[in-house]
2 protein chains.
Amino acid sequence: MPGTNATLAVSTVIFALRPSPPSSHRAPAPTIWVPLVRRQRQPFIDLLALPGGPLGDEDLAAAASRTLFETMRLAPKYLEQLYAFGDADRVFGSDPRVVSVVYWALVGNEEASSARLGDNVRWHPVDSLPPLAFDHRRIIDYALWRLRNKVEYSSIAHSFLGESFTLAQLREVYEAVLDRPLDAANFRRDMLASQSLAETGETLAGTRHRPPKLYRYLPQKDQSHDNNRFSAHDHHAHPDREAGRRELLSGTREVAVGVRPASSVLRAWGVNGRPAANSGAPAGAAAGGVPDGE
Amino acid sequence: MPGTNATLAVSTVIFALRPSPPSSHRAPAPTIWVPLVRRQRQPFIDLLALPGGPLGDEDLAAAASRTLFETMRLAPKYLEQLYAFGDADRVFGSDPRVVSVVYWALVGNEEASSARLGDNVRWHPVDSLPPLAFDHRRIIDYALWRLRNKVEYSSIAHSFLGESFTLAQLREVYEAVLDRPLDAANFRRDMLASQSLAETGETLAGTRHRPPKLYRYLPQKDQSHDNNRFSAHDHHAHPDREAGRRELLSGTREVAVGVRPASSVLRAWGVNGRPAANSGAPAGAAAGGVPDGE
DNA sequence: GAAATAGTGTCTTTTAGACACTATTCA
DNA sequence: TGAATAGTGTCTAAAAGACACTATTTC
């Protein structure tokens with residue numbers, strides 16, 4: 001097997017929910033922001049890019065965490081691999097070629113506010129980004145699409161908030177991410193039925209009306225049935241769909257009176273190959289050997 | 001930026017549906033098989049491993065296709081990136097470390113049968129695998145999980161079959177992958193309502209009963225709304241969820257009499273992170289520069 | 001016409017969504 | 001006590017699922 005054949009970089013798309021930019025001086029509905037770094041060198045000097053850096057002697061996810069911490073002292077609550085981008089001509093002119101393993105992350109309110117910024121690192125609202133370096137615009141679009149999908153079938157939304165939050169706040173997160181209003185009554189019922197929230201016993205003061213209860217997120221038991229969480233090292237989530245585990249109990253319908261069954265608040269938006277065959281040289285290894293993965 | 005820091009390998013989990021092994025001499029219900037390669041060298045010599053090889057001067061998906069073709073003349077109908085595996089100690093003793101970008105693929109009936117096998121390459125039923133090299137067992141389990149999820153919300157099942165197929169055959173695919181029986185009547189209706197099938201006009205002969213109609217898969221229009229299909233180069237699918245695009249037409253219910261609305265035949269099973277902060281050395285680039293991804 | 005699967009019709013259950021209404025707090 | 005949001009109840013619509021039944025072919 002040959003030696004190294006590519007440079008590996010790790011980048012991260014970090015999402016936070018923050019008030020819309022002052023430009024539109026309307027209701028303070030939050031929108032999605034990402035931190036971007038202004039490049040100091042060629043190629044794409046002076047354009048904005050995702051934070052990241054070369055892979056060190058560490059796990060992939062650790063590289064993502066490390067670069068985020070180094071760049072802006074961020075330690076996101078949620079981190080998941082997005083995709084490995086490695087078209088041969090992705091970063092033209094570089095030799096060896098560059099393959100980027102991209103992660104995406106969510107950070108909560110105050111965490112986002114406490115991020116260390118600077119002349120070259122700033123938050124930008126995703127709905128009005130300037131031209132970006134490399135293929136980073138497309139990567140962000142893809143991460144956004146994943147975010148919107150995943151918000152619908154999993155319980156990541158709370159990662160945008162602090163330890164405790166009201167149902168209205170949580171609903172605001174969903175509404176911002178999905179970009180549509182949700183029925184407050186149904187939202188409440190469905191969230192509570194999902195067993196993923198617990199009352200803290202506190203209420204939120206400082207409003208000029210009835211104080212809402214505060215909740216905290218209740219990790220689902222044995223969520224990581226098999227996959228999803230992966231290596232013992234890597235505490236991060238997997239890209240896939242959390243499917244509301246199917247209850248196989250048919251028969252016996254016994255639903256407490258007046259109780260709404262759990263459901264998922266949400267519904268989907270949507271999207272969906274044969275590869276380029278390639279002859280090329282015969283198998284790459286020792287005599288008689290069929291190549292395998294490593 | 002330093003030079004290369006890792007060796008990149010590409011492997012693929014290839015799924016095919018084939019009759020259960022003769023051991024159980026019962027009904028010929030098909031099960032899922034994968035081709036595995038017996039390793040000819042250390043580490044893990046003589047153990048089975050996923051087909052693959054080092055990344056060449058090509059796109060990632062092209063490397064997957066190339067190695068499959070070289071190894072067994074396979075050119076799968078469906079190919080999608082699964083995950084990048086890159087724990088620092090994943091392949092102990094190798095320097096530089098190895099990062100594997102793993103793809104998963106589906107092949108049809110006769111395609112699978114025509115695969116070139118040999119002493120070192122053979123199909124194995126996934127439900128009874130011997131110990132495998134590296135972390136390949138876990139990778140296969142993860143790919144299987146993804147397959148089962150994706151079959152539920154997208155139209156990949158037909159990739160296990162040939163150009164044309166009967167509804168009963170298609171249902172068999174779903175039943176094999178999901179490992180549960182489906183109601184034939186509802187399945188039929190839901191598939192037809194999904195607009196993803198077209199009659200070929202032919203029927204399947206050779207049965208000893210009423211000959212069933214043959215259908216072919218009808219690619220969905222504008223499936224690739226935004227993401228999913230990615231680079232212009234890479235014709236392969238993305239990992240995410242194809243959400244049955246929500247019909248926003250509320251109001252106006254106008255359903256042709258007796259017509260069942262489209263639906264998705266299926267329901268889910270299920271499964272569902274903060275990163276390890278890391279100080280380490282300061283930002284990796286030129287003076288005053290904040291590192292970005294490449 | 002019996003066996004066997006193809007294919008249709010129709011009812012029930014479950015889930016999602018709309019929306020009216022009551023409750024509680026603060027200014 | 002009115003403004004304002006919290007929180008509950010209840011109905012309707014749509015989707016999923018069960019299952020009885022008819023249709024068509026071969027032997």
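Lettering follows sequence order; numbering is per chain, from 1.
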Tell me the interatomic distance from [X], atom [atom1], to [N], atom [atom2], rounded to whole angstroms.
{"X": "A/Asn186", "N": "C/dA20", "atom1": "CG", "atom2": "C1'", "answer": "13 Å"}
{"X": "B/Leu192", "N": "C/dT8", "atom1": "CG", "atom2": "P", "answer": "8 Å"}
{"X": "B/Leu170", "N": "C/dG7", "atom1": "CG", "atom2": "C1'", "answer": "16 Å"}
{"X": "B/Asp183", "N": "C/dT12", "atom1": "CG", "atom2": "P", "answer": "17 Å"}
{"X": "A/Leu182", "N": "C/dA18", "atom1": "CG", "atom2": "C1'", "answer": "13 Å"}
{"X": "B/Leu204", "N": "D/dT26", "atom1": "CG", "atom2": "C1'", "answer": "13 Å"}
{"X": "B/Tyr174", "N": "D/dG17", "atom1": "OH", "atom2": "P", "answer": "13 Å"}
{"X": "B/Arg188", "N": "C/dA6", "atom1": "CZ", "atom2": "P", "answer": "7 Å"}

Salt bridge (charged side-chain N to carboxylate O under 4.0 Å, His left out) partners of [X], counting only residues at least two apart:
{"X": "A/Glu202", "answer": "none"}
{"X": "A/Arg137", "answer": "A/Asp141"}
{"X": "B/Arg171", "answer": "B/Glu175"}

Checking only heavy atoms, does the side chain of A/Arg189 share a donor-acceptor pair with the base of C/dG17 at less than 3.5 Å?
no

In numerical order, the residues of residues 205-215 of chain A whose heavy atoms come under 4.0 Å of DNA chain D are A/His209, A/Arg210, A/Pro212, A/Lys213

Residues that B/His209 engages under side-chain contact (heavy atoms from CB on, under 4.5 Å), provided they are two or more places apart
B/Thr207

With sequence neighbours left out, what residues match B/Arg188 under side-chain hydrogen bond (donor to acceptor under 3.5 Å, both in side chains)?
none

Once the angle between the rings of B/Tyr217 and B/His158 is folded into 0 to 90°, is it parallel (under 30°), tilted (30 to 60°) or perpendicular (over 60°)?
parallel

Under 4.0 Å, counting only non-hydrogen atoms across every strand here, what does A/Ala184 touch: a base, just sugar-phosphate, or nothing?
nothing

